[in-house]
Student: 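Sharing a structure here in structure tokens format.
Naming: A, B, ... by sequence-line order, numbering from 1 per chain. If you're wondering where the values come from, they're calculated on a predicted model, not measured in any experiment.
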Amino acid sequence: MKSDPSNSASNSQSRHFIQQMIDTDNATAKHAGRVHTRFPPEPNGYLHIGHAKSICLNFGLAAEYGGLCNLRFDDTNPTKEEQEYIDSIKNDIRWLGFDWGDREYYASDYFEQLYQWAVQLIRAGQAYVCDLTAEDTREHRGTLTEPGTNSPYRDRTVEENLDLFERMNAGEFPNGSRTLRAKIDMASPNLNMRDPVMYRILHASHHRTGDAWCIYPMYDWAHGQSDSIERITHSICTLEFENHRPLYDWYLDALGVYHPQQIEFARLNLTYTVMSKRKFLLLVKEGKVEGWDDPRMPTIQGLRRRGYTPEAIRAFCTAIGVAKFNSTIDVSVLEECLREDLNERAPRAMAVLRPLKVVIDNYPEDEDELLEAANHPLNPAMGSRQVAFSRELYIERDDFMELPPKKFFRLAPGQEVRLRYAYFVTCTDVVKDPTTGAITEIHCTYDPDTRGGNAPDGRKVKGTIHWVSAKHAVDVEIRLYDHLFRKENPDDVPDGEDFFVNLNPNSLEILLDGKVEASLGDAEPGSHYQFERLGYFYVDPKTSTPGRPVFNRTTTLRDTWAKLKEKN
RNA sequence: UGGGGAAUGGUGUAACGGCAGCACUACGGACUCUGACUCCGUCAGUCUAGGUUCAAAUCCUAGUUCCCCAGCCA
């Protein structure tokens, strides 16, 4: 029995309400201690971070309690679902680190059983064929405050219903001409109970069953029974299905079959992003992003291409908790989980985003040398590498100011700084374009005694900056990403506008003259780096070519200097 | 105005009649060959009004606010 929190995987002190429910079930032997969940996506779109919450919950709970989690595609609507999505969903779940073994199921696997069950309900007088049009059905349904009215077809005989249903299935009737409905209660205050449609006629080819069927079960008719067939113990879903639970219960009880317990939790909302398949589609269709896997998209594919790791996403899903309150998580929580993971795994390297040339006047013209740099200062096991140094270097434009404010610890005329892993240098001169006045290069002298970065005389410098040897640098494309929207809630728009007005025009900045140290010239696509003092970068697997890596900025490092500047 | 849910610092989330805790954010400080990491600290919360109780975030009553439901979508 896993009811003792101290020896389960979840021995973190606080347990969310679903864990508590399962603990209670186990304590009372409700399912004989069995825990079997499922993740039930509809294959009509790509997975996003919101799905990740559900995936982590369902697979996580199963793992925690020594149970199982099925993957089941809810493919009851042939007009919307495609094989491509199935492949992509499976790929994403696997990437997130979860395994459904051989339990890959489809609601369409159960079409025959569902049909038999429908016949059973007809025989019991609990379902009938209705000839109302969609529009008439709506009118008969009533409103939130007024009861509906019975369909004129509600009292057909069992024989007639059986015959009609059979003929619906045989393809005798056109789309939309008839439905099979459950006979429940047109006056129910819960609209889902007002004789819900169980089957609709859809002469459409299904991605798995082909043309075997021309009637397709509604989600409500298929979902609970699918869980029942799979002997799911805890059917976890989002809040909006709470209103449907009485209907699932009704179906299961009417059929007299195994009855899973449905539990609803709040879906994930994140600041600075939208979270619906419909809106993602709009962004893609309108060309606001490059595609479903655009690194600014909160799709699993997008996050992955941005450089997120499965570990970071899983940590995030644990951190945010599970509850019934409809909340919006600050993206900083996600970013913090990311940094925590990347800080440990990403080897360090030096790269210059916006190069400014530096000439070391007292360094020999034709000389080069190799200096040792740690791949991870906090983890010696990651080893070190040699970086080339020479007379001409690039540094970050931001790391030089001609008229530095107080507390600017970087390069400025007369100011000495450390070039990381190299030498102390002092700025001696600034060269400007005579017409524009723009700084084109700066001159320094170096102190040969500080080789490696320390002064034998014990003198200190306030600043250490990164650099790349001009002669050895590799030119690369670097893509800087920022929030897709500039408002915390992108749906907060003026009257008559849509969420596009909140798009952040600076969410993507492409730098074509980035300079990286030579070792990065053949960086493996799909690998992570920390560019020191800048952030974490990911070698884009999609656009990198051999010898020409493209770096996506996954996220910046925390930057207290930038904050300080902002305040002044 | 019917029904179903939910309200705890800026944002999330615990506490299940007994000291309101944790994380993120923000703000200070220490450390530093990354203005990073790490460490220390500060600000800040029980939706409202009554009631029960020695004791209420927790129980009761009334109210307020927010979310979901009128697809032959899921």
Student: Mind checking the P distance from A57(B) to U48(B)? Whole angstroms is fine.
Tutor: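 These two P atoms come out 11 Å apart once rounded.
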Student: Return the 5'-most residue of the pair Val461(A), Val322(A) with respect to RNA chain B, ranking by each residue's nearest nucleotide.
Tutor: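 Closest to the 5' end, via its nearest nucleotide, is Val322(A).
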Student: Ignoring backbone atoms, establish whether Arg200(A) has a side-chain N or O less than 4.0 Å from OP1 or OP2 of C73(B).
Tutor: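 Checking Arg200(A) against C73(B): at least one side-chain N or O falls below 4.0 Å of OP1 or OP2.
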Student: If you go through the side-chain atoms of Glu240(A), does one of them form a donor-acceptor pair with the base of C67(B) closer than 3.5 Å?
Tutor: no
Student: Within the pair Lys563(A) and C27(B), is there a side-chain N or O less than 4.0 Å away from OP1 or OP2?
Tutor: yes
Student: Given the P atoms of U34(B) and A44(B), what is the spacing between them in whole Å?
Tutor: 35 Å
Student: What's the closest nucleotide to the side chain of Leu564(A) if the choices are A74(B), G71(B), G35(B)?
Tutor: G35(B)
Student: Going by purine N1 to pyrimidine N3 plus the second Watson-Crick contact, or the G-U wobble pair, all under 3.5 Å, which nucleotide sits opposite A6(B)?
Tutor: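 In the structure as shown, A6(B) has U65(B) as its Watson-Crick or wobble partner.
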Student: For atom P, what is the distance between C40(B) and C24(B), given to the nearest Å?
Tutor: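 Per the computed distance, 12 Å lies between those P atoms.
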Student: Quick check for you: among A70(B), C16(B), G35(B), whose closest atom lies nearest to any side-chain atom of Thr560(A)?
Tutor: G35(B)
Student: Starting at atom CG of Leu202(A), determine the distance to atom C1' of C73(B), rounded to an integer number of angstrom.
Tutor: 11 Å
Student: Between Trp561(A) and G35(B), do the rings stack, that is, sit under 5.5 Å apart with planes less than 30° off each other?
Tutor: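 Yes, aromatic ring over the base.
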Student: For nucleotides G28(B) and U61(B), find the distance between their C1' atoms and express it as a whole number of Å.
Tutor: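 Nearest-Å result for G28(B) against U61(B) at atom C1': 46 Å.
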Student: Minimum heavy-atom separation for Val331(A) to Thr271(A), with atom names?
Tutor: N-OG1, 2.9 Å
Student: For Tyr308(A) and Tyr538(A), I'd like to know if the aromatic rings sit close, meaning centre-to-centre distance below 6.0 Å.
Tutor: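 No, the ring centres sit 6.0 Å or more apart.
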Student: Checking contacts here: which listed nucleotide (C24(B), A70(B), A14(B)) is nearest the side-chain heavy atoms of Arg141(A)?
Tutor: A70(B)
Student: Can you identify which nucleotide, out of C72(B), C37(B), G35(B), has its nearest atom closest to the Asn343(A) side chain?
Tutor: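 Selected nucleotide (nearest to the side chain): C37(B).
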Student: Assess whether atom CD of Gln83(A) is packed by more than 12 heavy atoms of other residues, nucleotides or ligands within 6.0 Å.
Tutor: yes
Student: Using the closest heavy atom to pick a nucleotide of RNA chain B for each, name whichever of Leu378(A) or Glu242(A) lands nearer the 5' end.
Tutor: Glu242(A)
Student: Let's test this: given Watson-Crick or G-U wobble pairing with both distances under 3.5 Å, identify the partner of G17(B).
Tutor: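 Across all strands, not a single nucleotide pairs with G17(B).
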Student: Among the candidates G3(B), U34(B), U11(B), find the nucleotide nearest to the side-chain atoms of Asp330(A).
Tutor: U11(B)
Student: Asn269(A) CG to C66(B) C1': how many Å, rounded?
Tutor: 13 Å
Student: Below 4.0 angstrom from OP1 or OP2 of G71(B), is there any side-chain N or O of Arg138(A)?
Tutor: yes
Student: Among G12(B), U1(B), C72(B), which nucleotide has an atom closest to any side-chain atom of Thr137(A)?
Tutor: C72(B)
Student: Checking side-chain polar atoms at under 3.5 Å, does Tyr248(A) have a donor or acceptor matched by the opposite partner on Asp220(A)?
Tutor: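 Side-chain D/A pair, Tyr248(A) to Asp220(A): present.
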Student: According to the Watson-Crick and G-U wobble definitions, with both distances under 3.5 Å, which nucleotide is paired to A36(B)?
Tutor: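 By the stated definition (distances under 3.5 Å), nothing pairs with A36(B).
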Student: Ring centres within less than 5.5 Å and planes less than 30° apart: is that true of Phe409(A) and G35(B) in this structure?
Tutor: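 Phe409(A) ring centre within cut-off of G35(B) base, planes near parallel; stacks.
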Student: Determine whether a donor-acceptor pair (one donor, one acceptor, N or O, separation below 3.5 Å) exists between the side chain of Asn243(A) and the base of C68(B).
Tutor: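 In this structure, the two groups form a donor-acceptor pair.
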Student: To the nearest Å, give me how far apart CG (Leu247(A)) and P (G71(B)) are.
Tutor: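 Taking atom P of G71(B) as the reference, CG of Leu247(A) is at 15 Å.
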Student: Who is the Watson-Crick or G-U wobble partner of C27(B), with both distances under 3.5 Å?
Tutor: G41(B)
Student: For Ile320(A) and C22(B), what is the distance between atoms CD1 and P respectively, to the nearest whole Å?
Tutor: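 Atom CD1 in Ile320(A) sits about 21 Å away from atom P in C22(B).
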Student: The side chain of Asp74(A) lies closest to which of these nucleotides: A14(B), G35(B), A74(B)?
Tutor: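 That would be A74(B).
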Student: Quantified in whole Å, what is the P atom distance between nucleotide A15(B) and nucleotide U58(B)?
Tutor: 14 Å
Student: Tell me if the centroids of the rings in Phe73(A) and Tyr106(A) come within less than 6.0 Å of each other.
Tutor: yes
Student: Between the side-chain atoms of Gln530(A) and the base atoms of U34(B), is any donor-acceptor pair under 3.5 Å?
Tutor: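 Side chain to base: pair present.
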Student: So, does Lys277(A) get its side chain near the phosphate of A74(B), meaning an N or O under 4.0 Å from OP1 or OP2?
Tutor: no
Student: Ring centres under 6.0 Å, that's the criterion: do Phe389(A) and Trp467(A) meet it?
Tutor: yes
Student: According to a strict under-4.0 Å criterion, is Arg533(A) in side-chain N/O contact with OP1 or OP2 of U32(B)?
Tutor: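 For Arg533(A), the contact criterion (side-chain N or O under 4.0 Å from OP1 or OP2 of U32(B)) is not met.
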Student: Does Arg38(A) make a cation-pi contact with Tyr105(A), if we ask for NZ or CZ under 6.0 Å from the ring centre and within 45° of the axis?
Tutor: no
Student: For the aromatic rings, using the six-membered ring if either is Trp, is the centroid distance between Phe111(A) and His206(A) under 6.0 Å?
Tutor: yes
Student: In whole angstrom, give me the gap between the C1' atoms of A56(B) and U38(B).
Tutor: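 About 41 Å, rounded to a whole number of Å.
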Student: C1' atom, G45(B) versus C72(B): distance in rounded Å?
Tutor: 48 Å
Student: Kindly point out which of A14(B), U13(B), C72(B) is positioned nearest to the side chain of Val197(A)?
Tutor: C72(B)
Student: Within this structure, what is the CZ-to-C1' distance between Phe531(A) and G35(B), rounded to whole angstrom?
Tutor: 20 Å
Student: According to the Watson-Crick and G-U wobble definitions, with both distances under 3.5 Å, which nucleotide is paired to A70(B)?
Tutor: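 No nucleotide pairs with A70(B).
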Student: When you get a sec, tell me which of G71(B), C73(B), G12(B) is the closest nucleotide to the side chain of Lys80(A)?
Tutor: C73(B)
Student: Have a look at G29(B) and give me syn or anti from its glycosidic angle (syn if within 90° of zero).
Tutor: anti
Student: What is the distance from CD1 of Ile184(A) to P of G3(B), rounded to the nearest Å?
Tutor: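 So the two atoms are 19 Å apart, to the nearest Å.
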Student: Please tell me which of the listed nucleotides, C37(B), C72(B), G2(B), lies nearest to the side chain of Arg558(A)?
Tutor: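 So the nucleotide nearest the side chain must be C37(B).
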Student: What about the rings of Phe531(A) and Phe551(A), do their centers lie closer together than 6.0 Å?
Tutor: yes
Student: Looking at G4(B), does its base get a donor-acceptor pair with the side chain of Arg245(A) below 3.5 Å?
Tutor: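 It does not, because no donor-acceptor pair links the side chain of Arg245(A) to the base of G4(B) below 3.5 Å.
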Student: What nucleic acid atoms does Tyr421(A) come within less than 4.0 Å of, heavy atoms only: base, sugar-phosphate, or nothing?
Tutor: base
Student: If I pick the C1' atom on U11(B) and the same atom on G63(B), what distance separates them, to the nearest angstrom?
Tutor: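 The answer is 27 Å between these two C1' atoms.
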